[in-house]
Structures are given as C-alpha cells and as structure tokens.
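Worksheet: the structure to be examined is printed underneath.
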Amino acid sequence: MPIVREKLGEFKARESAAYRQSRPLSAARANQENGFFGGVPQHWMLDWPMPFPLVVQQASGTNLTDLDGHILTDLCLGDTGAMFGHNPEPVAKAVQAQASRGLTSMLPSVDVEEVGSLLQAKFGMPYWQITLTASDANRFALRAARAITKRAKILVFDGCYHGAVDETAVNLTAGRTVAKPSLWGQAYDLAAVTTCVPFNDVEALEAALKSDEIACVIMEPALTNCGMVAPASGFLDEVRRLTRVHGSLLLIDETHTLSTGPGGWTGTYGLEPDIWVAGKAIAGGIPTGVWGFTEDMKRGIERVRTEIPAGHSGVGTTLSGSALQMAALRACLQDVMTETNYAAMIAGAIALEDGLNALIAKLDLPWSVIRLGARLETVFAPSLPTNAEQMRASFDYELEAAIHLGLLNRGFLVTPFHNMLLAGPSLSREAPAAYVAALNSILNEIL
C-alpha cells in the first residue's frame, strides 16, 4: 500500500501544530537567548525532526519526562548512551559514593584492579586502556596501530560510524573515498590516509589489503549508523583471515553492537580482533570509552614506548581513567550489564520486531525489519540491504520525519535518524504493542 504524499504533508503539519500547542514551556526555552548556539549545548540537537527541541526534565529507566510534564517511552535511550536505561541504580550509587572520595587525580584509583578483571572476563582482551569516549579510544588505538605496523593508512567500510575520528568520516562515492559532507572544515584529503570499501564485499577488501599499506581495518561487526546492515554469512571470518594474511591489525568497534548480547557481537559470535573498542553505554552514561588489545599489541606498544624520548609518553587526555569513571565502569560491568538485563532487553526487542512484522504484513507495505540483539530498525525496502549504498537508496527522509514526530506526539521517543529502536531492560511488557498501535494509527492517516 503506497504512502500518499499529499496526506503525508497534511499529517506533518497537524502533528507539528499539536507538538507546539502541547509544549509551551519547551517552546519558551527555544525562543530564549540562553548563551548557547541555537539554544542547545550541541548543535546536532537541532537535527531532531521536531519543531523545536524537547527539553528533558527527568529520565529514569526507559521513561523520559519533558519540561511540560509529558512522560515518554524512550526507545532512543540517548542513541546508545543509556542503552541499559537511564540512571541505572548501581551506577548512580557508585557515582554518589565516589563523589565524596574525589573525582580525578591522574593516578589509578582502588577500583582499577577489579575493573581490569571485569573487562577481561566480559570481553576477552588481556590488556585495557580507558578514555573519555569511544571516539578517543578509536583515535588512540589507530595511532597505536600505525606506530606498531609502520603503515600510514587505515581501512573503513562505507556507512561506518566510529565517532569523531576524522579519518573514518568518509563515504564511498563513485568508487572514490571522500569526506562526508558533514565533516566541516576538513583540511586535508582523507583519501591520503583512508581507504573505504563496501561492507560485505570480500573482493574489494582483499584488493585494498593487497597494497600492504593498511595499518588497521576498523569496523563495526554490523553497520549501525547509516541504517542497520548485518554481515553476510562468513564475511567477518574473511575480514579476520585477510587482515592476518596481509599484516593489518583488526579493530572491532562495538559501541553500538554492545546491544547484541553479553560480550557484544565479539563475545556472542566468537570474533578475534586485535583491538576491541566500546564507549557510550559502557559506564552507564558516565563519559567513558575503553580499548582492549592482545598480547602481541601489548608488545608492540611497549616497543614503541622505548623508541620515544623520555618525558611525555604519547597521546591521551587528562581526565581519562579518572576515579569517577572507574567507579561507574565497575558498577555497570558488574551489576548492570548482566545476563538478566540482556535477556529482558532482547525479549523486548523481539516483541517489537514481531509486532512490526505483523503490521507491515497487514498493511502490505514494501518494508522490512532488521534486529541485532536489543537493537532493531524498520527499513523502507522489501528486502534488507547488504551495504550502505543499498541502504541509502531506501531512505525517505520526509516519511521518516513525519513518523518520528507522530510517534513523539503519541508518547514514544525514537532515534532522530532512521527508524532505529533500542529496547532497555525495564521496557514494560505492554510497550511493544502500544508502540505498534501508535505506528498503525500514523500509517492509517498517510496511506
């Protein structure tokens, strides 16, 4: 059944009016000069498909309360930052306790030994470092990879997302590696240091690695930011095999795929990276990134450190590895990222998936649903894309924005881009059916 574009425009106008009318306090904030560009602390907060930013009063579990008193079921969860729910009690208690003992000192805190053991046990890597974000973890790990291999280039997959690492912010356009349009003020040609190839394309990967210029392949085990794209059967095994054959290191970034299950995709499916990275949710919402690495990597880093002059020993940030981070990380790894919570998250996602598939079938829509653990997405295509180019061809920004706004007015917050949902551990049993009913009511107005 096709979308009627005239109805879609009328629907969006009605929903925009309803949003404005029901949120006078957020509207007043949006019209104030408050010292921030656009009135928000990060400019991308203006990119949500709503007439003006929603101001959050409180967040707990899988609920948000806005300044105007609306309680929303949160299926965005800070787009992964609050993957295990907002304000998880063990993390909140750990942060409160640590605040009375000091927040940062540039020295290890008493939690370091336990956190190291927890990281080893959960994610398999024997050695770890702490950063403020996954962006930092990726940035520092790539520097280590280049120093160890004595190679300058990295390889990424088209559609990847690795945070604010400039050399990963590229697209594959007409066979060329080019900077993403959103990468403002880029000062040098990223193709000089980055090779971009299609996801799930073993031949393209092998051709790029044969140059013996690639220090590191950095990848998500499934694309998650250009729309969700799963790896084809055997693809990840081939990535590991080819990187070993050609002497390139393999970095698996699980910042988003941490939702796959305990241990992330790597733990669930037995991957063997040289470097493993995660951030966002890893410390329950306290800014933290981690990167772990193998014994061979450790020896390489030790060698590099002996080759530099005494004194400042390399890249890092002063607040990385703080006592506050370590306390939050310990609490999250130990008491939040549990088998029980993962089971609840995945059960909620399966209920959403089943409901969406039933609705798509009932309305005879040429759409499909992909689910990776607790994360899922509706794709505006009859079959699931296998690479970023196919995914981009499925995008319908007008439809996507209208659905997001309609869902918001019906009590559901979803991610600002695409149709991605994340099921937190405290999502109620009634929420999946209520979400599908809300989406059904929207579609009945635009079909």
Side-chain angles (χ1 to χ4, degrees), residues 59-62 74-98 109 111-134 137 220-222 224 252-271 273 275-292 321-322 324-350 371-376 421-427:
S60 179
T62 53
D74 188 0
L75 296 169
C76 171
L77 295 176
D79 193 12
T80 303
M83 180 186 296
F84 303 105
H86 296 285
N87 195 31
E89 186 177 358
V91 174
K93 287 182 176 179
V95 167
Q96 185 177 23
Q98 187 59 49
S109 68
D111 288 315
V112 165
E113 184 176 1
E114 184 61 28
V115 170
S117 296
L118 286 165
L119 288 168
Q120 288 173 330
K122 282 191 176 290
F123 306 118
M125 290 296 181
Y127 301 102
W128 292 88
Q129 291 282 271
I130 306 298
T131 63
L132 283 175
T133 64
E220 302 171 279
T224 62
I252 300 289
D253 180 354
E254 294 241 39
T255 299
H256 284 176
T257 56
L258 201 59
S259 60
T260 306
W265 197 291
T266 297
T268 302
Y269 297 107
L271 306 186
I275 308 166
W276 189 92
V277 165
K280 290 190 179 180
I282 197 76
I286 296 299
T288 305
V290 301
W291 58 292
S322 71
L324 178 65
Q325 286 180 304
M326 302 308 286
L329 189 52
R330 178 176 181 173
C332 193
L333 292 170
Q334 188 170 269
D335 299 318
V336 178
M337 297 174 65
T338 63
E339 297 273 357
T340 299
N341 277 342
Y342 267 105
M345 293 162 64
I346 292 170
I350 290 172
R371 182 181 63 81
L372 307 174
R375 183 186 301 270
L376 68 155
L421 310 176
L422 188 56
S426 62
L427 188 69

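In this structure the side chain of M83 never reaches within 4.5 angstrom of the side chain of H256, judged on heavy atoms. Proximity of V290 to F123: side-chain heavy atoms (C-beta onward) are nowhere separated by under 4.5 Å. Contact check for T80 versus T224: no side-chain heavy atoms found under the 4.5 Å cut-off. At least one side-chain heavy atom of V112 sits less than 4.5 Å from a side-chain heavy atom of M326. The shortest side-chain heavy-atom distance between W128 and L118 does not fall under the 4.5 Å cut-off. With contacts defined as side-chain heavy-atom distances shorter than 4.5 Å, the pair L258/Y342 qualifies.
Taken to the nearest 0.5 Å, the CD1 atom of I130 stands 9.5 Å off from the OG atom of S322. To the nearest 0.5 Å, the span separating CD1 on I350 from CE on M345 amounts to 12.0 Å. Taken from CZ in R375 to CG in L75, the straight-line distance is 12.0 Å, to the nearest 0.5 Å. With rounding to the nearest 0.5 angstrom, the CE atom of M125 is 7.0 Å from the OG1 atom of T266. Between atom CD of residue Q334 and atom OG of residue S117 there is a gap of 10.5 Å, rounded to the nearest 0.5 Å. Summarising the geometry, atom CG belonging to L77 is positioned 10.0 Å from atom CG belonging to L421; distances are rounded to the nearest 0.5 Å.
Contacts of P126 classified as side chain to side chain contact (heavy atoms under 4.5 Å, CB included), with partners at least two apart in sequence or in another chain: none. Shown here are the side chain to side chain contact (heavy atoms under 4.5 Å, CB included) partners of T131, two or more places apart in sequence or in another chain: D136, A137, F140, W291, S320. Under the rule for a ring pair (Phe, Tyr, Trp, His ring centres under 6.0 Å), Y127 has no partner lying at least two apart in sequence or in another chain.
A donor-acceptor pair is defined here as one N or O able to donate and one able to accept, closer than 3.5 Å; such a pair exists between the side chain of Q325 and the backbone of G321. Side-chain atoms of R371 come within 3.5 Å of backbone atoms of G373 as a donor-acceptor pair (strictly under, hydrogens ignored). A donor-acceptor pair under 3.5 Å links the side-chain atoms of T288 to the main chain of I286, judged by distance alone. Of the possible polar contacts, one joining the T338 side chain to the N341 backbone as a donor-acceptor pair under 3.5 Å is found.
Contact between W265 and L271 at its shortest, heavy atoms only, is CD1-CD1, 3.8 Å. In terms of heavy atoms, T268 sits closest to G261 at OG1-CA, 3.9 Å. Pairing each heavy atom of E339 with each of P262, the nearest pair is OE1-CG, 3.7 Å. The nearest pair of heavy atoms linking E254 to P221 is OE1-CG, 4.0 Å. The shortest heavy-atom contact between L422 and S259 is CD1-CB, 4.0 Å. In terms of heavy-atom proximity, V91 sits nearest to V336 at CG2-CG2, 4.0 Å.
Around CD of Q120, the count of heavy atoms belonging to other residues, nucleotides or ligands within 6.0 Å exceeds 12. Open room surrounds CD on E89; 12 or fewer heavy atoms of other groups in view lie less than 6.0 Å from it.
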